[in-house]
Amino acid sequence: MPPKGKLQGFRPHREIFSEITWDDGNRREHEARRPNPSFVMAKLLDWSRIKKRKDTEHRDRPERFQALVGWRSTVCFVVYVRVNGNLHIISIRYANDEECSVFHA
């Protein structure tokens with residue numbers, strides 16, 4: 001179970017963007033450690049109904065966000081930034097049970 005308050009701060013949101021992009025070197029590095037889901041999965045997710053929060057652990061510019069995003073019965077945890085109207089994926093993984101509960105609440 002995550003530390004108390006670890007999943008607080010996720011708020012319903014809708015993302016609108018021109019396209020989904022990622023850095024290919026970063027994608028290869030992430031997928032070497034965790035091949036599923038692939039970054040391509042981000043293009044299948046329903047970004048019109050997400051729960052997101054600011055990524056307070058990484059205060060980079062542009063500002064990072066963490067999101068719980070679903071597609072069918074799958075929920076993913078995605079870290080991303082917005083760059084020139086594009087949603088730029090930093091990392092993606094399947095959500096754990098607690099994150100799925102937050103998404104469906």
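Keep in mind the model is a prediction, meaning the values are calculated, not measured.
- Using a distance-only test at 3.5 Å, with no hydrogens or angles considered, a donor-acceptor pair links the side chain of Arg53 to the main chain of Gln8.
- Expressed to the nearest 0.5 Å, how far NZ of Lys51 lies from NE2 of His104 amounts to 9.5 Å.
- By the salt bridge (Lys or Arg N to Asp or Glu O under 4.0 Å) test, Arg72 is found to be paired with no residue, residues two or more places apart in sequence or in another chain being considered.
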Q.
If you apply the rule side chain to side chain contact (heavy atoms under 4.5 Å, CB included), what do you find for Val75 with Glu99, and how did you get there?
A. CA-CA 8 Å; Val75 178; Glu99 292 162 343; 5.9 Å; no
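- When side chains are defined from C-beta on, Lys52 does not count as touching Gln66, because their heavy atoms never get closer than 4.5 Å.
- Grouping the Ile, Leu, Val, Met, Phe, Trp and Tyr side chains by contacts below 4.5 angstrom, directly or via other members, places Tyr94 apart from Val102.
- The main-chain N or O of Arg28 is never found under 3.5 Å from a side-chain atom of Glu31 such that the two would form a donor-acceptor pair.
- Annotation: side chain to side chain contact (heavy atoms under 4.5 Å, CB included) contacts of Arg33 (sequence neighbours excluded): Glu29, His30.
- Side-chain contact between Leu45 and Trp71 is present, with at least one heavy-atom pair separated by less than 4.5 Å.
- Using a 4.0 Å cut-off between a side-chain N of Lys or Arg and a carboxylate O of Asp or Glu, Asp24 and Arg27 qualify as a salt bridge.
- Atoms CD1 and CH2, on Ile90 and Trp22 in that order, are 13.5 Å from each other to the nearest 0.5 Å.
- Judged by distance alone, with hydrogens and angles left aside, the side-chain atoms of Ser101 form a donor-acceptor pair with the main-chain N or O of Asp97 at under 3.5 Å.
- For the pair Phe39/Met41, no side-chain contact is recorded, criterion being any heavy-atom separation below 4.5 Å from C-beta on.
- From Phe65, atom CZ reaches atom NZ of Lys54 across 6.5 Å, with rounding to the nearest 0.5 Å.
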Could you list the donor-acceptor pairs under 3.5 angstrom formed by side chains in residues 76-89, with sequence neighbours left out?
residue: Tyr80; atom: OH; partner: Glu15; partner atom: OE2; Å: 2.6
residue: Arg82; atom: NH1; partner: Glu15; partner atom: OE1; Å: 2.4
residue: Arg82; atom: NH1; partner: Ile16; partner atom: O; Å: 2.8
residue: Arg82; atom: NH2; partner: Ile16; partner atom: O; Å: 2.8
residue: Asn86; atom: OD1; partner: Glu19; partner atom: N; Å: 3.4
residue: His88; atom: ND1; partner: Thr21; partner atom: OG1; Å: 2.8

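- The distance from the CG atom of Leu68 to the CD atom of Glu98 is 11.5 Å, given to the nearest 0.5 Å.
- Residues Trp47 and Val69 have side chains in contact (heavy-atom distance under 4.5 Å, counting atoms from C-beta outward).
- Side-chain contact check for Arg49 versus Phe103: some heavy-atom pair is nearer than 4.5 Å.
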